[in-house]
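The next block holds one structure in the form of structure tokens; read it before the comments.
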Amino acid sequence: MKKVLFLVFILFIIFGAGCTKRTKDSGLNEVMIEDVNVRRAISLAINKGYYTTLLENGSYPADYYIPYDFYAYNGVDFRDAATAKYPDLTSDKYQMPGGSEVTYAPGGYNHYDVKEAKRLWEEAKEKHGVGDRTVTFKFLVHSAESWTPLYEHIKSEVEKNLPGTKIDLNVVTFGEKLSIQQQGDYDIIFSGWGPDYQDPITFLDLYLTNSGLNNIGYSNTKYDQLVRDAKNAVITGDARFNALLEAEKILINDDVVVMPIFQSQAVSLQNPEIENLWGQKVGPDYFLKWVKSKKSGSKTLNLLETSNIPDLKSWTSQDQVSFYVLGSINEGLTIGHNPRGETPYVPGVAKSWSKTENESGTTTYRFQLRQTPWITSTGEVYKVDGVTQYVKAQDFAFAWKLLGDPREASPYQYMLETIGLVGASDVMALRSDDSKENIETALNNLGVEAVDDFTLDVTLEHDSTYFLGLMSFPSFYPIQEAFYKSVGTDKQGFTNYASSQKPQTMLFNGPFYFSSWKNDDKHILTKSPNYWDNEAVDLQQVVWLVKPNITPATEVEMYLQGQTDRAVLRDAATQKEHSTDPNARVSGSTTAWYLEFNVNNH
Amino acid sequence: MIKYIWHRIILIIISLILILSINFFFLYLMPGSPFTNPKLTSDQRERMEERYGLNDPILVQYGRYMYRVTKLDFGGTIASNTYKDIYRDYIRERVPLTAQIGLTALTIGTVIGITLGAIAAIKRNTAIDNILTAVGVLGVSIPSFVFAAFLQQIFAINNQILPLTFTRADPELGYTLLDQYKGLIMPIIALSVGPIASIMRYMRTELVEVLNTDYILLARSKGLSKTSVIIKHALRNALIPVITILGPMSIGLITGTLVIEQFFSIPGLAMNLVNFTQSKETYATLGINFFYSLMYVVVILFVDILYGIIDPRIRIAKNTKEGFILKFFRKIAVKMKTKFNWGD
């Protein structure tokens with residue numbers, strides 16, 4: 001009997017938990033969060049220096065949205081330009097924690113000011129007749145151990161500085177957060193964004209009225225106008241830069257829909273004998289082509305990876321681990337170079353290009369390709385019936401159509417629209433259950449065309465400053481069509497191209513080829529003997545030890561024992577212990593972390 | 001006996017189907033989506049879900065999955081938008097290594113545990129017994145990861161005798177086979193501490209009890225020597241409860257334990273199961289769950305057959321149908337209990 005009762009009790013708990021929905025309160029929170037002064041009060045009430053001091057890894061407390069050291073126009077950093085344009089709004093700055101190279105974090109909007117926060121809050125309470133009632137804001141965050149102090153800090157700062165508020169912290173898994181976010185059952189949400197291309201549009205784009213990622217329902221005609229004009233190259237040069245500056249100000253200062261928290265950095269220890277390991281701002285984190293080894297007698301770079309490779313199909317790949325490998329085994333029309341130098345990108349498969357403005361207002365880039373062969377996983381030149389297969393213009397056209405194909409469900413499909421490719425919006429509108437003819441027609445109408453084997457025409461709705469840089473992005477890498485077809489499909493009907501642990505199901509055209517792919521063990525890249533720019537490649541081999549379960553302390557210890565050339569300090573303990581090491585390096589990362597206010601999606 | 005085993009196999013198949021179905025519906029109830037790239041718009045996420053049939057009604061998905069199971073396809077991961085078969089890409093690769101480590105640890109644990117337990121029981125209430133009991137309590141109460149950290153600090157950091165983490169041999173890169181085996185030493189030791197301690201305690205308690213029974217007294221009074229009484233009569237009887245805990249223990253060791261995997265960087269399934277569940281990889285979770293359950297019921301069957309060998313009376317008791325169904329469930333209950341009391 002006891003057992004039966006126990007079983008009933010368990011079932012009750014399970015179904016009870018499933019059936020109860022979080023009850024909504026009187027709606028006071030919704031009214032309040034939709035008031036700009038309330039949002040401003042919250043923004044002013046939180047000291048953002050707290051968490052970055054805790055991290056001690058060079059992260060900036062941020063009153064700004066577009067990251068520092070990300071985009072510069074005429075040699076002036078976006079942040080410096082913003083401070084120059086709006087000096088009154090941006091004069092207060094956070095002091096950086098000790099040990100940092102810079103003394104002050106860049107200035108921004110709504111700097112920590114408890115007095116003003118309290119004033120605005122009391123005013124708003126009066127306006128909405130709150131009286132003695134408590135306003136409970138629902139704060140949606142995803143569970144992660146390292147973030148917990150930040151969540152608690154935000155909660156306590158708001159509750160302390162704005163009397164009569166309560167923050168209801170809703171901690172869920174990342175996947176759950178995404179679905180609650182769409183349903184709109186939150187007032188404040190913690191989010192982050194890493195740029196896809198080196199232009200502020202990658203950040204500002206999110207809050208356009210009909211953007212698929214604008215989950216807070218924000219809409220501002222002026223903002224839309226500014227961002228759209230800058231995006232579609234209606235305005236260029238100084239006017240465009242000013243529009244971007246103004247758009248950011250509207251978003252953060254005027255409408256306060258986004259409240260920046262910090263710009264994160266990562267610290268790593270790096271063998272000083274390894275040179276030119278330049279972190280890239282967008283796309284693959286590193287292009288190993290440029291890396292030089294001064295180690296005596298060894299041209300092997302030893303790295304550690306904490307994840308197996310999720311997806312090496314360049315047209316569907318979406319994560320940094322895959323990009324890191326892809327960026328060195330394959331190559332696009334251009335290749336990323338030193339992001340801090342004069343040239344963020346240099347020619348890759350394309351040896352030269354020219355640009356023509358068409359009468360219809362579109363722009364056509366004509367790329368001349370080099371004769372560079374496809375390489376197999378054994379390092380040999382790929383031949384069909386004894387004929388060497390070169391990377392051809394058709395291979396680019398084929399890959400870009402795969403990227404656009406709705407049946408492939410590529411997460412980066414929107415990159416076609418980002419570069420402004422002709423026909424991209426029709427492709428984006430396709431559904432996977434559309435008729436085959438419709439899909440083929442839309443794909444064939446894309447503005448990418450092989451004029452001959454080594455001439456590629458790319459026609460864009462509008463030109464942009466980031467187009468050529470984006471040609472080093474893995475989504476735009478070429479795919480050899482005949483080989484793709486020869487590997488066939490699996491029992492699910494998905495392609496066998498780049499099957500996990502089978503480098504023989506891929507072809508390579510980068511400085512290295514993938515010679516060994518063993519999950520949980522090692523990934524080995526070997527210098528390609530047939531790469532067009534072989535003299536520039538110094539490394540003979542890149543070995544990734546793959547240890548998905550490794551603890552941060554063990555990773556550092558392996559570096560200290562000389563087994564690896566680089567160790568990322570992945571937790572607070574290792575950061576505290578090693579961030580003063582002479583070989584410690586700050587990543588120069590440009591990921592922004594911020595709160596979004598649910599202004600119109602309740 | 002053969003008829004009995006057949007009955008049990010049919011029951012096993014039924015329970016596996018039940019386990020899969022219950023798991024399926026519970027996992028389906030979990031909120032969220034496997035596609036958690038924050039850059040995906042809801043349109044794109046929908047498209048990806050469509051690609052893997054996650055938009056279909058639950059019964060359609062259930063039917064499709066069960067149909068796939070009949071073709072021995074137990075699911076796979078989809079989150080990265082690349083399908084990875086759970087058997088080919090995870091179980092087949094990870095289980096042999098963790099099983100090797102786990103079974104070695106289990107063997108060491110059983111041999112040392114039984115020996116020490118027997119010694120403690122025979123030398124009951126002496127200094128040796130007290131010391132062993134104290135060591136046993138320590139062994140059970142210190143979590144294996146504390147022990148792992150301790151070993152790592154001494155043998156891999158302070159003195160670099162053993163490698164920090166496990167790496168497979170690769171002569172071209174300078175990782176020898178010796179290195180590979182050296183990498184297994186610390187995890188095996190860390191893993192075997194728990195089994196040694198718990199088996200020792202079980203063994204001691206049981207043997208003390210058996211040594212106090214009348215039939216041992218009888219054997220002794222017949223004039224048999226103490227050694228032969230212990231070996232021939234007492235040990236065999238004391239082994240039954242020990243075998244009961246060996247079943248669940250071996251599964252725990254073969255499928256791997258999270259912390260040992262983390263400390264020595266051993267690719268195992270435990271971490272996968274946690275990650276898959278959290279990221280709502282329904283089909284991959286089901287695949288691993290199926291594998292765990294299969295191991296579990298097979299080990300239960302194996303243990304029951306072992307019982308029969310050790311104690312012929314148990315075989316006889318199970319001849320009626322109702323009897324063995326009841327026993328089967330009772331045994332599961334007992335084993336669940338021991339499983340949750342034991343280990344990490």
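Every chain is numbered from 1, with letters handed out A, B, ... down the list of sequences. These numbers come from the heavy atoms of this one structure, side chains and all, not from hydrogens, waters or symmetry mates.
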Legend entry - Proximity breakdown for A:Q182 and chain B, heavy-atom pairs closer than 4.5 Å: side chain
Inset, instruction - Answer whether the closest heavy-atom distance between the side chains of A:Q541 and B:L173 falls below 4.5 Å. - result: yes
Inset, instruction - Sort out for me which of A:L560, A:I550, A:D319, A:N519 touches chain B most, counting heavy-atom pairs under 4.5 Å. - result: A:I550
Inset, instruction - Report the option among B:R51, B:R45, B:Q44 that has the most heavy-atom pairs separated by less than 4.5 Å from atoms of chain A. - result: B:R51
Legend entry - Side chain / backbone / both / neither for A:I524 at chain B, heavy atoms under 4.5 Å: side chain
Inset, instruction - Please answer whether the main-chain N or O of A:G217 pairs with a side-chain N or O of A:N601 as donor and acceptor at a distance below 3.5 Å. - result: no
Inset, instruction - Counting only heavy atoms closer than 4.5 Å, note whether B:E50 contacts chain A via side chain, backbone, both or neither. - result: side chain
Legend entry - Heavy-atom proximity to chain B below 4.5 Å, by part of A:S317: neither
Inset, instruction - Can you establish whether the number of heavy atoms outside B:Y28 located under 6.0 Å from its atom OH is more than 12? - result: yes
Legend entry - Residue part contacting chain A, namely of B:A169, when any heavy atom lies under 4.5 Å: backbone
Legend entry - Among A:E408, A:Q181, A:Q413, A:K518, residue most engaged with chain B (heavy-atom pairs, under 4.5 Å): A:E408
Inset, instruction - Report yes if the side chains of A:I180 and A:N170 come closer than 4.5 Å at any heavy-atom pair, otherwise no. - result: yes
Inset, instruction - Go through the atoms of A:Q501 and report whether side chain, backbone, both or neither lie under 4.5 Å from a heavy atom of chain B. - result: side chain
Legend entry - Proximal component of B:F264, with respect to chain A [non-hydrogen, under 4.5 Å]: neither
Legend entry - Lys NZ or Arg CZ of B:R68 over B:Y283 ring: under 6.0 Å, within 45°: yes
Inset, instruction - Determine whether the side chains of A:S515 and A:T526 contain a donor N or O and an acceptor N or O closer than 3.5 Å. - result: yes
Inset, instruction - Go through the atoms of B:S279 and report whether side chain, backbone, both or neither lie under 4.5 Å from a heavy atom of chain A. - result: neither
Legend entry - Contacts of residues 301-313 of chain A with chain B (heavy atom under 4.5 Å): A:N308, A:I309, A:P310, A:D311, A:K313
Inset, instruction - Tell me, for B:F166 versus chain A, whether the close heavy atoms (under 4.5 Å) come from the side chain, the backbone, both or neither. - result: backbone
Inset, instruction - Check whether B:K280 gets within reach of chain A through its side chain, its backbone, both or neither, counting any heavy atom under 4.5 Å. - result: neither
